[in-house]
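Here the structure comes first, spelled out in structure tokens, and everything after it is commentary.
Chain naming here is simple, since letters A, B, ... match the order of the sequence lines and numbering starts at 1 in each. Side-chain atoms are counted along with the backbone in the values below, which use heavy atoms only and exclude waters and symmetry mates.
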Amino acid sequence: MALIYIENLKYSYGNLNNSLRDVKYELNNGEKNIVIGPNGSGKTTFLKCILGILKTEKMIKIDNNYVENIREYTALSTNIKDALHLSGDLSVKEFIKYHMKLKLIKEDAAFNMLAYFKLDSLKNKRLSDLSTGQEKMVYNTIALSGDYKIILLDEPLSSIDPDRSRLLINIINKSKNSFIITTHDLDLIKKIEGSTLNIMVDGNLSEKISPGELIFSMNVNTTRPQDKFIEIRGNDRTIYLTYGKENNVINNIDDLLYLYEV
Amino acid sequence: MISTLYKIGIISYFKNRNSLFWSFGFVLVWVLIYAYGFPAPSGTYLKYTESTYISFILLFGISVSMASVVFYTVSMNLSIPYITRFDRVKSYEVSFSNILSSLTFSMVVGIFAIIFSLLIFRLRFSSVYIKNIYMLIFILIVISLFFTLLGLLFSYLLSLLNQVGSLKFISQIPMILTFILVLGLQIFRKPGPDLIYYSPFNAMFTIIIYSLTGKAGINYYHSGLNTNLLLISTLIWILSMVILVYVLEKLYETSGKRNQYTLEDIFK
């Protein structure tokens with residue numbers, strides 16, 4: 001049974017067109033799933049719907065319960081700021097302490113994680129006085145400090161320096177938990193071991209593939225090929241990712257720009 | 001979890017620089033202006049004038065501090081769906097602790113307003129008048145509860161309507177209403193005395209003056225307002241707001257379009 005099961009998820013903001021269109025998705029036990037896509041494609045909206053911040057009805061199940069009915073399910077954590085916000089005037093120490101208390105988890109794990117990320121010096125600083133990257137790392141610390149079944153990470157490496165990025169990736173790789181990680185970073189796809197990949201464009205989520213299938217031997221084109229590999233629908237066009245005859249390799253973000261221009 | 005959430009609220013209010021400036025700073029400045037910026041009233045007018053000043057400061061000070069309540073509640077509304085699903089928090093614990101922490105904050109502002117103004121006025125005018133200390137304490141609790149509920153009302157409305165862009169203006173409405181209604185009656189004698197029974201702002205203002213001077217009236221020359229009716233009117237307003245806040249909170253929980261804003265939208 002899937003840990004997270006989503007069927008026909010639709011969401012729109014106000015009078016705008018659908019931000020999420022008929023999303024079907026499953027996250028299995030122990031799976032590390034990465035969702036990549038351009039800005040505004042709906043990645044964060046997708047995570048916020050799973051967390052219940054944005055209201056959905058009978059579309060998302062976590063551990064076989066609809067998200068709107070879930071209460072006190074402490075086996076899930078996240079680094080999303082809107083979910084974790086208590087007050088910008090709390091110190092880092094207070095912020096971590098209170099979050100651990102709300103989950104009834106010992107705070108030592110979180111402070112050990114903070115030390116692992118070499119962020120001990122931030123303990124007495126106010127959250128609102130931190131830099132973007134420091135704040136992100138505090139939220140990452142809270143997300144990763146505990147024996148959770150499911151961890152949702154939204155752009156965990158954005159604004160993070162290379163040293164701490166490496167430490168973060170180590171933690172994720174050693175963890176046996178299930179992850180959903182949204183990112184723009186192609187390097188992350190290569191470094192998270194054993195991960196699966198979904199591509200989100202204009203609120204459409206592709207089927208699941210492995211990072212190797214994306215990165216190696218791939219062409220990107222807009223005409224339907226004979227050997228279709230994966231189809232990604234955007235607003236005005238559809239993109240097909242196929243194995244290239246000449247083994248083109250998608251090795252950097254520029255190769256995916258075509259995708260991002262949808 | 002109520003005590004944990006309560007502590008978070010208390011820390012937020014008392015560590016927030018804007019919150020401290022606009023509540024305690026506001027009281028400090030206006031006490032000094034009243035005491036040293038205007039000529040000292042003489043003789044028979046002194047007792048009433050001083051009481052009117054204290055009443056202004058108490059009511060305005062707490063109404064200004066409600067801006068902090070609105071900001072805090074609107075930002076917390078974003079995290080409520082998460083912490084009530086994935087932490088060990090129940091939604092009534094969030095509401096209750098929020099009301100408690102807001103109430104504590106506004107009462108501390110009110111106590112500071114009373115003590116500081118009595119101290120400065122005693123130094124300046126060599127007089128201190130409190131006719132009925134129990135009534136004063138009671139009305140302080142009532143005022144704090146009234147403005148806490150008003151702040152929560154605006155918070156849920158803004159969150160429901162996704163109008164956080166109006167937050168900076170909406171959060172000032174309690175203060176604006178207090179200024180217009182209370183000052184309007186004092187300076188222009190309009191609207192007339194009957195409004196006092198319908199307007200909770202004017203009713204609370206009059207009860208403060210009554211607790212300080214023993215007279216319930218629009219000004220020194222006017223008296224004879226029924227303090228029991230004033231209290232009943234204020235309590236009816238508070239009860240109505242409790243019901244309205246409860247309804248809005250339930251609407252917020254079930255609304256399909258809630259939380260279509262981010263923390264950046266609130267604090268930009």
Side-chain angles (χ1 to χ4, degrees), chain A residues 11-16 19 44-45 47-57 62 65-78 80-91 94-95 97-105 126-129 135 142-143 146 148-150 152, chain B residues 1-20 68 71-91 93-94 97-98 101 159-164 251-267:
Chain A
Y11 191 85
S12 58
Y13 285 94
N15 297 326
L16 298 174
S19 299
T44 305
T45 304
L47 291 186
K48 282 185 175 182
C49 286
I50 295 174
L51 292 169
I53 295 173
L54 300 175
K55 189 171 185 281
T56 57
E57 206 164 304
I62 299 175
N65 289 309
Y66 285 114
V67 71
E68 56 268 29
N69 298 331
I70 283 178
R71 293 292 179 270
E72 299 189 31
Y73 185 80
T74 54
L76 183 147
S77 74
T78 185
I80 289 183
K81 188 174 173 178
D82 288 350
L84 296 179
H85 176 79
L86 297 175
S87 166
D89 297 297
L90 295 174
S91 67
E94 285 165 340
F95 185 68
K97 179 176 127 185
Y98 287 127
H99 261 296
M100 296 297 114
K101 271 197 174 178
L102 292 179
K103 276 205 190 286
L104 289 180
I105 292 174
R126 265 180 219 246
L127 270 180
S128 52
D129 292 340
E135 195 184 22
I142 287 180
Y148 303 116
K149 262 186 183 176
I150 306 167
L152 307 185
Chain B
M1 289 304 162
I2 290 175
S3 65
T4 302
L5 292 165
Y6 173 74
K7 279 181 209 161
I8 293 167
I10 289 293
I11 293 173
S12 304
Y13 289 128
F14 287 100
K15 273 176 88 170
N16 184 281
R17 295 166 190 131
N18 273 330
S19 167
L20 292 174
S68 310
F71 267 92
Y72 176 71
T73 308
V74 170
S75 62
M76 274 294 280
N77 280 348
L78 276 175
S79 55
I80 286 173
Y82 174 77
I83 62 175
T84 52
R85 284 185 173 80
F86 303 108
D87 289 344
R88 295 210 182 270
V89 174
K90 296 177 178 51
S91 49
E93 289 173 330
V94 180
S97 56
N98 193 12
S101 52
S159 298
L160 263 173
L161 299 172
N162 289 303
Q163 289 297 324
V164 292
L251 266 175
Y252 172 77
E253 279 174 25
T254 55
S255 166
K257 294 295 179 187
R258 61 159 199 244
N259 293 340
Q260 291 191 348
Y261 58 90
T262 66
L263 284 168
E264 276 70 35
D265 296 327
I266 296 171
F267 293 110

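No side-chain heavy atom of B:Lys7 sits less than 4.5 Å from a side-chain heavy atom of A:Lys97. Between B:Phe86 and A:Ile62 the shortest side-chain heavy-atom distance falls below 4.5 Å. Taking the side chain as every heavy atom from C-beta outward, A:Asp82 and B:Tyr261 never approach each other to under 4.5 Å. For the pair A:Leu76 and B:Tyr82, the minimum side-chain heavy-atom distance is below 4.5 Å.
Contact detail for A:Leu86 and B:Met76: the closest heavy-atom pair is O-SD, 3.6 Å. When all heavy atoms of A:Gly52 and B:Pro81 are compared, the pair lying nearest together is O-CB, 3.3 Å. Among all heavy-atom pairs drawn from A:Glu68 and B:Arg85, the shortest one is CA-NH2, 3.6 Å. Heavy atoms only, all atoms of each residue included: A:Leu102 and B:Leu5 are closest at CD2-CD2, 4.1 Å. Looking at every heavy atom in both residues, B:Thr254 comes nearest to A:Lys55 through O-CE, 3.1 Å. Of all heavy-atom pairs between A:Glu72 and B:Val89, the closest is CG-N, 4.4 Å.
Of the two parts of B:Ser255, only the backbone, made up of N, CA, C and O, holds a non-hydrogen atom closer than 4.5 Å to a non-hydrogen atom of chain A. A:Ser128 does not touch chain B: none of its heavy atoms, backbone or side chain, sits under 4.5 Å away. The contact between A:Ile50 and chain B is made entirely by backbone atoms, counting heavy-atom distances below 4.5 Å. In this structure, the portions of A:Ser77 lying under 4.5 Å from any heavy atom of chain B include both its backbone and its side chain. At a 4.5 Å heavy-atom cutoff, the contact between A:Ser91 and chain B is made by backbone and side-chain atoms alike.
Interatomic distance, CD1 of B:Ile8 versus NZ of A:Lys101, reported as 9.5 Å (0.5 Å rounding). B:Leu263 CG to A:Ile80 CD1: the interatomic distance, rounded to the nearest 0.5 Å, is 11.5 Å. Here the CD1-CD1 distance, from B:Ile80 to A:Ile53, works out to 11.5 Å after rounding to the nearest 0.5 Å.
Counting heavy-atom pairs closer than 4.5 Å to chain B, the top residue among A:Arg126, A:Lys81, A:Glu94, A:His99 is A:Arg126.
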How far apart are the C-alpha atoms of B:Leu78 and A:Lys48, what are their side-chain angles, what is the distance that settles it, and do they pass the side chain to side chain contact (heavy atoms under 4.5 Å, CB included) test?
-> CA-CA 11 Å; B:Leu78 276 175; A:Lys48 282 185 175 182; 5.8 Å; no

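Between A:Asp129 and B:Lys15, no side-chain nitrogen of the basic residue sits less than 4.0 Å from a carboxylate oxygen of the acidic one, so the salt-bridge criterion is not met.
A side-chain donor-acceptor contact under 3.5 Å links B:Ser79 to the backbone of A:His85.
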